[in-house]
Amino acid sequence: MRETVRVTDAKRPEAFDSAVPDPMAADAERAAAVLKFWEAARGRAGVLGVEAVTGLGVTASVPPPAWSFGDNPALADLLLDLVLAGTKTATSSLAAEYDDETEPMPKTGDLSILLDGAGTPRALIRTTSVEVVPFGEVDEDFAAAEGEDDRTLASWRAEHERFWNRAVPDGTPVSPDTEVVCERFEVLYPQH
């Protein structure tokens, strides 16, 4: 499950109680951090070809989606550390989490900015392959590439079934036929 941060230009409401923390201020800080990270990392994605002469276009100036792994800060940090160590080179999610309008299915070549549990940008990744398979057909190689637990298929299935049954969008329990998006990626720009 991805927790996505979108970079927006939302405006602050006119009458806002100054005693209450401003959620838009936190969003604005995160958006600024994502933009600053993208400025440093985009060259690694090969986005600065013609733009070096003609000026930045939309592709180079708008950062890719920024998100963190898991559903809590501790898990986000743990999984990000595995990515930065080179142990985790794949991730999986339920196909049911995606729709074409608000959360499109990942595809080969997509760029993403990985956030830590505090929402700080830490890595730029590129998706190298995407395959949708039934839960019961995920193989040992993919489980090992996810880099979690003891990297076996048995532990991958047990932990992912537990996680997805807790977080499944429509409340349907995970079964061997549940469609899983198996995504492999490469780290283009790590920030330790």
Side-chain angles (χ1 to χ4, degrees), residues 1-6 34 37-38 40-47 59 62-72 74-100 102-117 120-165 167-169 174-192:
M1 173 177 275
R2 295 176 173 187
E3 180 182 324
T4 305
V5 174
R6 305 240 182 251
V34 166
F37 179 88
W38 178 234
R42 66 181 168 217
R44 294 283 182 91
V47 177
T59 304
V62 176
W67 50 273
S68 58
F69 289 109
D71 62 352
N72 64 69
L75 185 56
D77 286 342
L78 173 73
L79 298 178
L80 177 64
D81 286 346
L82 292 172
V83 169
L84 295 174
T87 306
K88 182 174 180 61
T89 59
T91 191
S92 57
S93 50
L94 295 175
E97 294 179 45
Y98 299 99
D99 63 52
D100 290 333
T102 58
E103 189 68 34
M105 181 85 65
K107 61 187 182 311
T108 300
D110 281 354
L111 297 173
S112 295
I113 296 173
L114 296 182
L115 306 173
D116 65 17
T120 303
R122 299 285 305 284
L124 175 66
I125 62 170
R126 175 182 292 132
T127 300
T128 58
S129 71
V130 178
E131 185 179 10
V132 179
V133 300
F135 180 77
E137 293 181 24
V138 172
D139 62 21
E140 286 276 352
D141 182 55
F142 187 81
E146 277 227 43
E148 301 170 27
D149 302 311
D150 65 4
R151 300 179 74 180
T152 64
L153 182 57
S155 71
W156 182 92
R157 285 196 173 133
E159 292 304 315
H160 282 76
E161 184 174 6
R162 184 176 309 130
F163 176 80
W164 287 328
N165 279 335
V168 68
V174 173
S175 74
D177 297 325
T178 301
E179 289 193 324
V180 175
V181 178
C182 296
E183 181 179 355
R184 293 180 186 261
F185 57 83
E186 63 182 342
V187 176
L188 300 176
Y189 182 82
Q191 186 167 335
H192 296 278

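Note that the coordinates shown come from a computational prediction; the quantities given were computed from them, not determined experimentally.
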For [X] and [Y], work out which heavy atoms get closest and say how close.
X      : Y      : result
Leu153 : Val138 : CD1-O, 3.4 Å
Leu82  : Gly147 : CD1-O, 3.3 Å
Thr108 : Ser129 : OG1-CA, 3.6 Å
Ala40  : Tyr189 : CB-OH, 3.7 Å
Leu111 : Ala45  : CD1-CB, 3.6 Å
Trp164 : Glu97  : NE1-OE2, 4.1 Å

Discussion item. So Thr91 and Val83, do their side chains get closer than 4.5 Å, heavy atoms only?
Written reply: no
Worksheet item: Heavy-atom distance under 4.5 Å between the side chains of Tyr98 and Ser93, does that happen here?
Response: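 Result yes, sub-4.5 Å side-chain heavy-atom pair found.
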Item to complete: I would like to know whether Trp67 and Leu114 meet side chain to side chain contact (heavy atoms under 4.5 Å, CB included); could you show each step before the answer?
Response: CA-CA 5 Å; Trp67 50 273; Leu114 296 182; 3.5 Å; yes
Practice prompt. In sequence, state the C-alpha distance, the side-chain angles, and the governing distance for Leu80 and Ser68, and then conclude on side chain to side chain contact (heavy atoms under 4.5 Å, CB included).
Written response: CA-CA 8 Å; Leu80 177 64; Ser68 58; over 6 Å; no
Item to complete: With Pro64 as reference, evaluate Leu124, Ile125, Asp110 under the side chain to side chain contact (heavy atoms under 4.5 Å, CB included) test and give the passing residue.
Response: Leu124
Discussion item. Looking at Gly136, is its backbone amide N or carbonyl O close enough to the side chain of Arg157 to form a donor-acceptor pair, meaning the two atoms are under 3.5 Å apart?
Written reply: yes
Worksheet item: Is there a donor-acceptor pair closer than 3.5 Å between any side-chain N or O of Arg44 and the backbone N or O of Leu188?
Response: yes
Worksheet item: So, Asp141 and Arg184, do they make that salt bridge, N to O below 4.0 Å?
Response: yes
Practice prompt. State, without any angle test, whether Asp150 and Thr152 hold a side-chain donor-acceptor pair at a distance under 3.5 Å.
Written response: yes
Discussion item. Under a 3.5 Å threshold, yes or no: a donor from one side chain and an acceptor from the other, between Thr127 and Glu183?
Written reply: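 Yes, a side-chain donor-acceptor pair sits under 3.5 Å.
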Discussion item. Please confirm whether the ring centroid of Phe135 lies under 6.0 Å from the ring centroid of Trp156.
Written reply: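 Close enough - the centres of the two rings lie under 6.0 Å apart.
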Practice prompt. Starting from the C-alpha separation in whole Å, work towards a yes-or-no answer on side chain to side chain contact (heavy atoms under 4.5 Å, CB included) for Glu131 and Phe142.
Written response: CA-CA 11 Å; Glu131 185 179 10; Phe142 187 81; over 6 Å; no
Worksheet item: Thr87 and Arg151: side chain to side chain contact (heavy atoms under 4.5 Å, CB included), yes or no, with the steps?
Response: CA-CA 10 Å; Thr87 306; Arg151 300 179 74 180; 3.9 Å; yes
